[in-house]
There are 2 protein chains.
Amino acid sequence: MVRFAVASSQARDRLLNAAVQHALDQGIVDLSLREIAAAIGTSHRMLIYHFGSREGLLVAVVREVERRERESLGTAPLSVADARRRWDHLADPSLRAQERLFFEIYAHALLGRPGTEGFLDEAVDGWITPVRALLIDAGIDEEDAEALARLGLAVTRGLLLDLLATGDTTGTTRAFTLFTQLLDLPSGHDLSQE
Amino acid sequence: MVRFAVASSQARDRLLNAAVQHALDQGIVDLSLREIAAAIGTSHRMLIYHFGSREGLLVAVVREVERRERESLGTAPLSVADARRRWDHLADPSLRAQERLFFEIYAHALLGRPGTEGFLDEAVDGWITPVRALLIDAGIDEEDAEALARLGLAVTRGLLLDLLATGDTTGTTRAFTLFTQLLDLPSGHDLSQE
DNA sequence: TGGTACACGTACCACGTGGTACATGGAGGA
DNA sequence: TCCTCCATGTACCACGTGGTACGTGTACCA
């Protein structure tokens with residue numbers, strides 16, 4: 001009697017890593033099991049065996065991408081200078097594929113597609129909550145802390161969308177720098193008298 | 001001899017509007033011609049007839065969404081107060097479906113899928129260019145104008161992603177308000193001494 | 001009245017899909 | 001040595017896919 005090997009195993013981990021790698025290049029939501037299997041050197045039969053179904057594979061990939069996203073973010077930024085360092089990291093070309101996949105899954109999740117349950121909560125609150133806590137620790141008013149955390153996340157994600165579409169590292173980094181300046185030097189500049 | 005009626009016609013317009021309406025509810029990227037046809041009360045044969053192919057339909061939908069996106073944006077904001085009014089408009093629940101579809105197509109386009117050619121350029125530059133021009137007219141330094149336009153777009157899109165995921169109109173609006181305050185009142189607040 | 005062009009339905013096609021049945025090989029333990 | 005379990009390959013299935021062939025009703029025009 002053959003049973004689904006949905007639990008972890010070395011073979012499964014190997015396939016998952018290869019599948020994520022392939023998803024980074026090609027996306028995931030509109031690829032077939034056979035396309036993925038062929039690309040990573042196995043048969044679609046093996047993907048079903050190790051992940052139970054196509055949806056099971058998608059869930060596993062989504063979770064892995066989520067895990068890497070958290071890893072990229074690491075701990076929340078503590079200061080404006082820290083935020084700037086974090087942006088420079090995110091803007092690194094080596095992370096583009098991962099970020100593109102993140103937005104693909106995000107859009108997929110917005111449509112309520114199976115396999116993405118919980119992704120959106122984690123993608124937003126999982127970031128805002130710790131940052132807000134840090135800002136409150138830093139003495140910022142509670143309501144402002146939440147708004148600032150949301151704004152920081154929005155700036156980051158919005159500029160990443162821009163960067164992925166245009167590839168314009170210079171321009172997007174300049175915009176991020178402007179944002180940090182607005183935070184850091186809230187007086188004495190002349191950008192906003194329009 | 002039957003020819004493809006890919007040019008416009010009343011019947012085609014009717015089907016396109018219905019297809020876009022359905023895409024707003026259900027997404028578009030991973031739906032089949034038959035699903036769409038059944039949902040809008042026609043046959044998949046008619047979609048092929050009027051749009052040439054599935055990709056032709058997708059192109060038509062993408063263009064229509066692009067057009068509506070531009071229409072929602074209207075003219076670029078001229079002032080901070082104007083930007084705030086624009087956000088309130090974008091945050092209106094009646095636009096959620098359209099925005100979700102926009103991000104779905106955006107993600108699709110990031111993967112270079114057929115039917116999305118030119119979408120990204122229009123989605124980013126089509127917004128930044130006019131805003132930058134307006135900011136320069138308003139007397140802002142050219143480099144700062146570009147950065148500010150990018151930043152404004154990023155804040156808008158980033159907060160929309162947040163809003164679509166969380167449905168938290170209050171929180172995202174508060175974050176947008178904070179952004180306008182950073183622009184409008186660049187002195188005298190105490191948010192950024194962390 | 002006859003022709004013609006459009007809009008549409010039905011029935012079909014080859015193909016790719018997710019998933020299953022079944023056999024097998026190899027490693028490790030009894 | 002035999003048994004069991006994991007990993008895998010091959011072959012298959014029913015079904016849904018995009019796309020096509022062909023017929024037809026209707027409206028308009030000569």
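In the text below, chain A, chain B and the rest are named by the order of the sequence lines, each starting its count at 1.
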* How are the rings of B:F176 and B:F179 set to each other: parallel, tilted or perpendicular (split at 30° and 60°)? -> perpendicular

B:I48 atom CD1 is separated from C:dC13 atom P, nearest whole Å, by 18 Å

To the nearest 10 degrees, the angle between the two end axes of the helix from C:dT1-D:dA30 to C:dA30-D:dT1 (five pairs per end) comes to 10°

When hydrophobic residues are tied together by side-chain contacts of less than 4.5 Å, even through go-betweens, does B:L101 share a cluster with A:Y106? yes

Among the nucleotides C:dA7, D:dT10, C:dG18, whichever has the atom closest to the side chain of A:S43 is D:dT10

| Any donor-acceptor pair under 3.5 Å between the side chain of B:R54 and the base of D:dG19? | no

Less than 4.5 Å apart, any side-chain heavy atom of B:R157 and any of B:L161? no

Separation of C:dG18 atom C1' from A:L58 atom CG, nearest Å, is 14 Å

Here the distance between atom P of D:dG18 and atom CG of A:D30, to the nearest Å, is 13 Å

Between A:G41 and B:L33, the residue closer to the 5' end of DNA chain D by nearest nucleotide is A:G41

Against the side chain of B:R45, the closest entry in D:dT17, D:dC22, D:dG18 is D:dC22

To the nearest angstrom, the CZ-P distance between B:F51 and D:dT20 comes to 16 Å

N or O in side chain of B:H50 less than 4.0 angstrom from C:dC8 OP1/OP2
yes

note: A:Q10, atom CD; D:dC5, atom C1'; distance rounded to Å ~ 16 Å

- Tell me, yes or no, whether the heavy-atom count around B:R63 atom CZ, taken from other residues, nucleotides or ligands under 6.0 Å, exceeds 12. no

Can you tell me if the side-chain N/O atoms of B:S32 get under 4.0 Å from OP1 or OP2 in D:dT17? yes

Testing C:dG18, C:dC6, D:dC6 for proximity to the side chain of A:Y49, the answer is D:dC6

Check: If you measure from the Lys or Arg side-chain nitrogens to the Asp or Glu carboxylate oxygens, is any gap between B:E64 and B:R68 under 4.0 Å?
Finding: yes

From CZ of B:R12 across to P of C:dC8 the rounded distance in Å is 13 Å

To the nearest angstrom, the CG-C1' distance between A:L47 and D:dT8 comes to 12 Å

Between B:H44 and A:H44, the residue closer to the 5' end of DNA chain D by nearest nucleotide is A:H44

Can you find a donor-acceptor N/O pair under 3.5 angstrom joining the side chain of A:R34 to the base of C:dG16?
-> no

Between CD of B:E55 and P of D:dT17 the distance, given in whole Å, is 18 Å

* Do A:I36 and A:I28 have side chains that get closer than 4.5 Å, going by heavy atoms? -> yes

Of A:E35 and B:A11, the one whose closest nucleotide on DNA chain C sits nearer the 5' end is B:A11

- Query: Linking I/L/V/M/F/W/Y whenever any side-chain heavy atoms sit under 4.5 Å apart, do A:L24 and A:L31 land together?
  - Reply: yes

Residues passing the side chain to side chain donor-acceptor pair (under 3.5 Å) test with A:D92, sequence neighbours excluded, are A:S94

